Amino acid sequence: MGVSFMDLFEYANDESMRKVELGPGAVMLHGFALSDEEALLTDLNAVVEQAPFRHMVTPGGHRMSVAMTNCGSLGWLTDRTGYRYDPIDPENGQPWPAMPASLLKLAQSAASEAGFPAFTPDGCLINRYEPGAKLSLHQDKDEKDLNQPIVSVSLGLPAIFLFGGAKRADKQLQLHLNHGDVVVWGGPARLFYHGIKPLATGEHPRLGRYRLNLTFRKAS
DNA sequence: GAGTCGCC
DNA sequence: AACT
């Protein structure tokens, strides 16, 4: 007898709970990013200036509603030929912007808090959602090193994060992600299916009409 | 044959 | 679904 699914749903969405164990290897950290907000947004702006957001295309030929860019030595890409990590931004032929120290520090401190003290991310995928944008249920499985977790930081407009299990059909927790929330999953949860429901319209004091999601990973 | 970071 |  552990906590029931409904109990977990309540705990996981209670912002007064600073840290919620979602299951083995998966942790929700409420309001974790807020202390570094100024440096974070300044550094993010610099990254995006060098590597602008773009709507990538899936192997099936569909344009993604989420706009993406990357920083760090490896960036995640999708195009007609498939999903992969690449050190070069195909839009300009240049390496992705280096990962700013503020981002790396945030990712490592969140990972440590979640029980992964040796996290050494080499890539950060930056996802920009506007109202209506979504990411359907998927696994992060293009990384060579599945021993290290995924660290996901939410900024700006709120979203509903679907966090399922090892099989697509597994029941999903619906987690309300607000500005500054972090979700970390690794170990037994590393390949769990997850997604984002279509973003509701809104206005955030710092990020306006957008939600930004930073997902740190060790790709190589 | 299995799977799909998409679509309706 | 159209492709891997």
Side-chain angles (χ1 to χ4, degrees), chain A residues 22 25-26 28 44 47-48 51-91 96 99 103 107 121-177 181-200 210-220:
Chain A
L22 303 175
M28 169 95 190
L44 278 172
V47 165
V48 168
F53 286 110
R54 77 293 306 264
H55 291 273
M56 297 181 186
V57 173
T58 65
H62 297 110
R63 173 188 187 272
M64 296 184 74
S65 59
V66 177
M68 300 176 160
T69 187
N70 290 277
C71 65
S73 56
L74 287 172
W76 185 86
L77 293 179
T78 174
D79 60 20
R80 291 308 298 260
T81 73
Y83 311 134
R84 66 188 177 281
Y85 281 94
D86 200 302
I88 300 298
D89 178 352
E91 289 295 313
W96 298 102
M99 193 183 302
L103 271 73
D122 55 14
C124 176
L125 173 63
I126 306 170
N127 288 162
R128 187 189 68 187
Y129 297 75
E130 47 194 320
K134 65 167 188 172
L135 202 50
S136 52
L137 215 57
H138 68 279
Q139 298 169 294
D140 289 14
K141 57 190 291 190
D142 301 320
E143 302 73 28
K144 281 183 197 156
D145 188 353
L146 297 177
N147 293 313
Q148 297 211 31
I150 300 290
V151 172
S152 169
V153 178
S154 293
L155 298 169
L157 288 180
I160 296 177
F161 182 57
L162 303 173
F163 190 68
K167 293 173 294 181
R168 180 179 284 275
D170 287 346
K171 182 160 62 171
Q172 303 137 33
L173 265 180
Q174 296 198 18
L175 302 171
H176 295 259
L177 297 183
D181 291 346
V182 179
V183 185
V184 179
W185 63 98
R190 178 59 180 73
L191 291 177
F192 278 15
Y193 280 88
H194 56 281
I196 290 283
K197 293 181 83 167
L199 214 70
Y210 294 114
R211 169 176 188 261
L212 295 185
N213 179 66
L214 317 176
T215 49
F216 298 90
R217 53 288 292 284
K218 175 87 170 80
S220 65

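No experiment lies behind these values; they were computed from the predicted model shown. Protein chains get the first letters and strands the later ones, always in sequence-line order, with residue 1 at the start of each.
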Quick one: is B:dG3 close enough that its OP1 or OP2 comes under 4.0 Å of any side-chain N or O from A:Q139?
no
Send over the distance from A:M56 CE to B:dT4 C1', rounded to a whole Å.
18 Å
Whole-Å distance separating the NE2 atom of A:H138 from the P atom of C:dT4
22 Å
Consider only side-chain N and O atoms of A:Y193 and A:Q139, and report whether a donor and an acceptor are under 3.5 Å apart.
yes
Considering every strand and a 4.0 Å limit on heavy-atom distances, what is the contact class for A:N127: base, sugar-phosphate, or nothing?
nothing
Could you tell me how far apart A:D79 (CG) and C:dT4 (C1') are, to the nearest whole angstrom?
13 Å
According to the Watson-Crick and G-U wobble definition with distances under 3.5 Å, which dot-bracket string, read 5' to 3', encodes DNA chain B, using [ ] for crossing pairs and | for pairs with another strand?
.|||....
Does the side chain of A:T69 come within less than 4.5 Å of A:P52's, by heavy atoms?
no
Does any non-hydrogen side-chain atom of A:Y85 lie less than 4.5 Å from one of A:N70?
no
Only pairs under 3.5 Å count here: list side-chain donor-acceptor contacts from residues 170-177 of chain A, not counting sequence neighbours, and write none if there are none.
{"from": "A:D170", "atom 1": "OD2", "to": "A:A166", "atom 2": "N", "distance (Å)": "3.1"}
{"from": "A:D170", "atom 1": "OD2", "to": "A:K167", "atom 2": "N", "distance (Å)": "3.0"}

So if I take residues 148-170 of chain A and measure heavy-atom distances to DNA chain B, which residues fall below 4.0 Å?
A:R168
Interatomic distance where CZ belongs to A:R63 and C1' belongs to B:dT4 [whole Å]
20 Å
What is the distance from NZ of A:K141 to P of B:dG3, rounded to the nearest Å?
8 Å
What contact category does A:T58 fall into here, base, sugar-phosphate, or nothing, at under 4.0 angstrom with non-hydrogen atoms?
sugar-phosphate
If I take atom CG in residue A:D142 and atom C1' in nucleotide C:dT4, what distance separates them, rounded to the nearest angstrom?
13 Å
Expressed as a whole number of angstroms, how long is the span from A:L137:CG to B:dG3:C1'?
13 Å
Determine, stepwise, if the pair A:M64 / A:L135 fulfils side chain to side chain contact (heavy atoms under 4.5 Å, CB included).
CA-CA 8 Å; A:M64 296 184 74; A:L135 202 50; 3.4 Å; yes
In terms of heavy-atom contacts, A:L191 and A:K141 come closest through CD2-CB, 3.8 Å
Salt bridge check: are A:D145 and A:R217 linked by an N-O gap of less than 4.0 Å?
no
Check whether any side-chain N or O of A:Y193 sits under 4.0 Å from OP1 or OP2 of B:dT4, and answer yes or no.
yes
Side chains of A:L103 and A:V47 in contact at under 4.5 Å (non-hydrogen atoms):
no
I'd like to check A:H194 versus A:H138 (side-chain heavy atoms, cut-off strictly below 4.5 Å). Are they in contact?
yes
Considering only side-chain heavy atoms of A:R80, which listed nucleotide, B:dC7, B:dT4, C:dC3, is closest?
C:dC3
